[in-house]
Amino acid sequence: MTYQTGEARFEAIDAVLTAIRGKETVVLTTHINADGDGCGSEIALAAWLRALGTEAFIVNPTPVPQSFRFLVPDESWVVDSTSAEAQELCDGADVAVVLDTGEVQRIGRVRPLIDGLPTVVIDHHPPGDRPIEGVSFRDSSASATGELVFDLIHRAGGPWSEIGDLAMYVAILTDTGSFRFSNTTATSLRIVAELVSRGVSPDEVYRRIYGTVPRRRFHLLESSLALLEVDEEAGIAWMTVPADQFDALGAIPDDLEGMVDYPRSVEGVEVGLLFRQIPRKGIKVSFRSNGAVNVNALARRFGGGGHVKAAGALIEGKMDQVRREVTHATREAVELSRSGH
Ligand SMILES: [Mn+2]
């Protein structure tokens with residue numbers, strides 16, 4: 001666990017503040033297929049930097065998902081990483097900040113863009129095999145990177161902004177599964193309490209994120225649930241997203257958000273898995289653990305990674321074969337945990 005406490009924590013925050021404060025242009029990025037925490041953290045930090053007079057731009061390896069576009073106050077904040085403008089912007093920037101990941105391969109096409117820049121990492125994932133070099137503020141005990149951005153702004157003494165408060169709230173809300181997952185701590189709740197007291201409306205945010213589900217998502221869920229398999233004895237369950245339905249419905253990766261919670265939430269299940277075929281790339285597997293099994297370690301065996309209770313991997317091969325191998329390894333991992341190892 002990378003948990004910077006006491007003085008070390010303040011030193012890490014101060015080093016980040018020194019690296020990004022008073023700069024003319026800062027580029028912010030996050031991991032491929034940004035989630036609520038990735039988007040929320042970078043928008044909150046961008047809002048803070050902009051309030052201080054810094055030109056802050058978001059350059060992500062993949063577009064900001066539709067469900068989090070409402071956080072972007074102005075389209076000019078976001079620059080398409082495939083555009084010539086992005087290259088020009090990065091060439092002229094003072095520093096790059098990577099949020100919600102610390103791994104080189106997770107920032108995809110943005111990596112060459114920021115290669116020559118001093119880099120700052122703000123992240124709550126356990127460190128991976130290919131860490132991004134630079135000044136860093138990491139804390140894997142934080143529920144969300146949004147918490148770390150909050151700490152940073154707090155240490156800096158503000159300024160706080162309406163958009164920043166909303167973005168940090170969304171970051172923590174989504175990464176804690178609406179304050180249900182085990183990463184929800186007194187600290188996360190204290191932070192969101194402060195955000196709510198400053199004006200964030202939990203009800204409004206909830207409707208914005210969870211009350212605007214495109215209809216196709218229910219059809220995709222329906223056909224995926226039809227493929228739910230449970231091995232009660234082994235304590236594992238898995239679901240497969242049918243590729244033909246995914247295409248026929250015009251679904252996007254966003255539509256799979258939270259789907260792995262279905263197999264995970266089956267009574268008696270320790271690990272839930274979701275399988276999806278990605279054209280020309282292989283099989284994307286999501287791992288969710290109820291606590292006994294470290295799925296970060298499990299996913300790493302297949303070239304992936306993530307958190308102890310939530311991880312993913314992209315595995316080359318055919319669906320049947322990958323599913324067989326992964327469910328086999330998962331059964332073993334559950335068995336091992338049950339035998340007390
Ligand atoms: Mn996160």
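One-based numbering, in listed order, for ligands and for the atoms of each. The figures here come from the full heavy-atom set of this structure, side chains too, leaving out hydrogens, waters and symmetry mates. Numbers here are sequence positions counted from 1.
The name of the N, O or S atom in D175 nearest to the Mn ion (ligand 1) is OD2. When the N, O or S atoms of D100 are ranked by distance to the Mn ion (ligand 1), OD1 comes first.
Geometry at the Mn ion (ligand 1): OD2/D37 and NE2/H124 form an angle of 90°, nearest 10 degrees.
With respect to R207 and D203, a salt bridge is recorded, a charged nitrogen being found less than 4.0 Å from a carboxylate O. Between D100 and R106 no salt bridge is recorded (no basic side-chain N to carboxylate O distance below 4.0 Å).
Using a 4.5 Å heavy-atom cutoff, the side chains of L228 and Y262 are not in contact.
Atom CD1 of I43 sits about 8.0 Å away from atom CH2 of W77, to the nearest 0.5 Å.
For the ring-ring contact (aromatic ring centres under 6.0 Å, His included) with W160, the lone residue among Y169, F150, W48 that qualifies is F150.
Metal site remark for the Mn ion (ligand 1): D123 contributes no N, O or S atom at a distance under 2.8 Å. The Mn ion (ligand 1) has no N, O or S atom of H125 inside 2.8 Å of it.
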